[in-house]
Amino acid sequence: MLSEGRRRSRSTSTTYGNTDRDPLWDNPRVGVSSFAICSREGVSGRTSTRASKAILRRGGVEGTGVVTPFRLSRLLTILTFLLCTATFSAADDRPRRLEIDLQPHGKLVWVRGGTPQLEVRVRRGDGWLSLASRYSGTTAMGRSINRANPGLRDPMRDRGVKVPLEVLRADLRLLALKRLFPIDSRVEGGYRHWVLDPFSDGSESWGWLAAVFGGRSDRGPDIRRANPGLELAAPARAQPVLIPSSMLLGVFRSLKPVKERPTPTPTPRIAVRPTITPVPLSGQNGRSGVGAGALDFGVDSAGNYAVYKLCRGEALYSAVVVRFTGQLHAAQVNVTALVIAERSGISDVTDIPVGYPIKIPLDLLLPEFLPEGHELRVAWQREQKELAGFLEVVKATDLSGVHVILDAGHGGRDTGAVVGGVWESTYVYDIVCRIKENLTRHTRATVWTTVRDKSRGYDIPDKDRLRQDRDQVLLTTPEHSLESSAAGVHLRWYLGNDIILDRIPDSVPNSKVVFISVHADSLHSSVRGSMVYVPSRHLRPRSYRAETKGIERHQEYREHPTVKLTSEFSSRAEASSRHLAAEILESLRRNEVPVHANKPIRDRILRGRRKWVPAVLRYSLAQNAVLVECVNMANKEDRANLVDQEWRELFARSLVEGIASAFNGS
């Protein structure tokens, strides 16, 4: 039996998706995060790691040193993503070694206590002088390269040779430094370097900076004097250092200066908007408030109705149907609009005069728009108050100890929505890859994924339009090819629950488990912006067992075929999920990502009078479970955003900021 209160360990471990874990070190004074290191536990129990560099982002951070929301701009340059590897000692979980591929030249290696070096392969007949000529441009550096490889009398083909960055020839040095420090830039007056210092050991000394950027280590004191605000013996992590133009090598001076963005400053926290803001209603037949949201109520031969008077520029579909009934699906919106038009005596829904009284049957209204005292509205208000009592706000500095399960909707033969030649599955997978990268880069969260594209892995192509294929597989045991959408839907939550029960340590409370499924909806074209679905506690079963054909061959199903959900857990999950959803949407708004104007947090899908919770949420054991509809693909503006890689990156970063905000303890 599967239940939210019990976890156990398997005798044979299997790895599902990505279990990367990244600690983050932040300087609260500036918006720069340094290297984040992540680890994956394999079947054998050995640990391998990956690391990625931090990216400067506009905006501010709170003065606590935790991961906090940053102000982003659409014009922010999308930086190159670097994947690194790191190793840990048993007694010290700080990183000891970072590696970055610099093909075809070799790989950059940075070991704690040292400085970055380029590790190259030796060719037949190579000696120190030939290596120096090839990588430094002069044989004079042969002795320096020899000293950088103690214990190696002569270059050997079976061993990598390390070449210090400060002796690399100009073009290789520039390439290597751009890969190591992608947010550095040429500015008026010099070169702006942001200190990374991944090991907190002061390895980026003034002398090293002078040598690598200027070719003379003895000019370290000059660089220090050029930065009077930095009084430390060595530059500290996340500090900007200016290397004056007069000290730069020609390869750096030749770069075109870019306009500097202002140094990030602390930004006050913006209060989370309430999940639902009821329109004030006075009574069954009275005026229901003022402004665009005002409703009147009346009775005619067909029964009770609400009256809304259209304002200038409003349409029946968006201003009435979507807003007051909650319908979003195009076909259903059109049907409901015709029902309301007939009730209101409207013959042409595209030509309704301003101020025309629209009659909305009372049984179509969302409960929050019903008259004061109506039994359904009273029940709804009571439920909102009850739900608040189940909210458990958890503080997790920089998401330390939080486990995030990322699910990319659809995939394989199931493309999801297809509008204008754009496949939902392709683009939401790209967004999930970006969310994963930002989580591992900027937080200490442990990240899991349910889906992997076999041809691209989790790489992020530098493209707006993406190659659309059916290579995605669900990371069950064995892998599921996603040929059947029904089996794929159920195996997603089985896999997510299996991760919670069998992979996440028992010491991790369920309040620190997050499940996020990313989709792109296809709704009525008048609907625009992101929405978030949460699991309604009233629409979840006490127990459930899927009977889909072929599902029994997967280990996740065999281990836990039946899910059991207590009413207390369902209430806690809805409260926590609403809190997470509100923070995500607030972050999207802050970063100018369009958010659906009417009820962007929903606890059910509506199709006429039918309602249900998406299966990945309905049966999930994650206390924080949301399904994010990032865009409405039927809306041209939304669809244009989806095929814009800068927008996808902005969305991913904004979502990660929202997750971090949800765990800041407020």
Counting the benzene-type ring for Trp, do Phe651 and Trp647 have ring centres under 6.0 Å apart?
yes
Residues Glu483 and Arg413 bridged, charged N to O under 4.0 Å:
no
For the side chain of Asn635 and the backbone of Ser525, is there at least one donor-acceptor N/O pair under 3.5 Å apart?
yes
Students often mix this up, so state it plainly: with edges at 30° and 60°, are the rings of Tyr458 and Tyr429 parallel, tilted or perpendicular?
parallel
Flag the pair Asp603 and Arg578 as a salt bridge only when some basic side-chain nitrogen lies within less than 4.0 angstrom of an acidic carboxylate oxygen.
yes
Main chain of Leu621, side chain of Asn510: is a donor-acceptor contact present, judged purely on distance under 3.5 Å?
yes
OG (Ser530) and CG (Leu655) are apart, to the nearest 0.5 Å, by 9.0 Å
State whether the side chain of Arg618 and the backbone N or O of Pro535 hold a donor-acceptor pair below 3.5 Å, judged by distance alone.
no
Arg553 side chain to Pro478 backbone, donor-acceptor under 3.5 Å:
no
Can Arg589 and Glu586 be counted as an ion pair, charged N to O under 4.0 angstrom?
yes
Name the orientation class of the two ring planes belonging to Tyr494 and Tyr557 (parallel below 30°, tilted from 30 to 60°, perpendicular beyond 60°).
perpendicular
List the steps and the verdict of salt bridge (charged side-chain N to carboxylate O under 4.0 Å, His left out) for Glu649 and Arg653.
CA-CA 6 Å; Glu649 177 67 16; Arg653 293 183 183 181; 2.6 Å; yes
Report yes or no: does Asp407 contribute a side-chain atom to a donor-acceptor pair with the main-chain N or O of Thr450 at less than 3.5 Å?
no
Backbone N/O of Lys599 and side chain of Arg602: donor-acceptor pair under 3.5 Å:
yes
Whether Tyr544 and Trp493 hold their rings parallel, tilted or perpendicular, with breakpoints at 30° and 60°:
tilted
Could you check whether Asp638 pairs with Lys636 (Lys NZ or Arg NE/NH1/NH2 to Asp/Glu carboxylate O, under 4.0 Å)?
no
Once rounded to the nearest 0.5 Å, what's the spacing between atom CZ of Arg121 and atom CD of Glu119?
7.0 Å
Residues Arg470, Asp414: salt bridge by 4.0 Å N-O rule
no
Looking at Gln645, is its backbone amide N or carbonyl O close enough to the side chain of Asp464 to form a donor-acceptor pair, meaning the two atoms are under 3.5 Å apart?
yes
Counting distance only, does the side-chain N/O of Asp521 pair as donor-acceptor with the main-chain N or O of Leu523 below 3.5 Å?
no
Taking the basic N atoms (NZ, or NE/NH1/NH2) and the acidic carboxylate oxygens, is any pair closer than 4.0 Å for Arg434 and Asp430?
yes
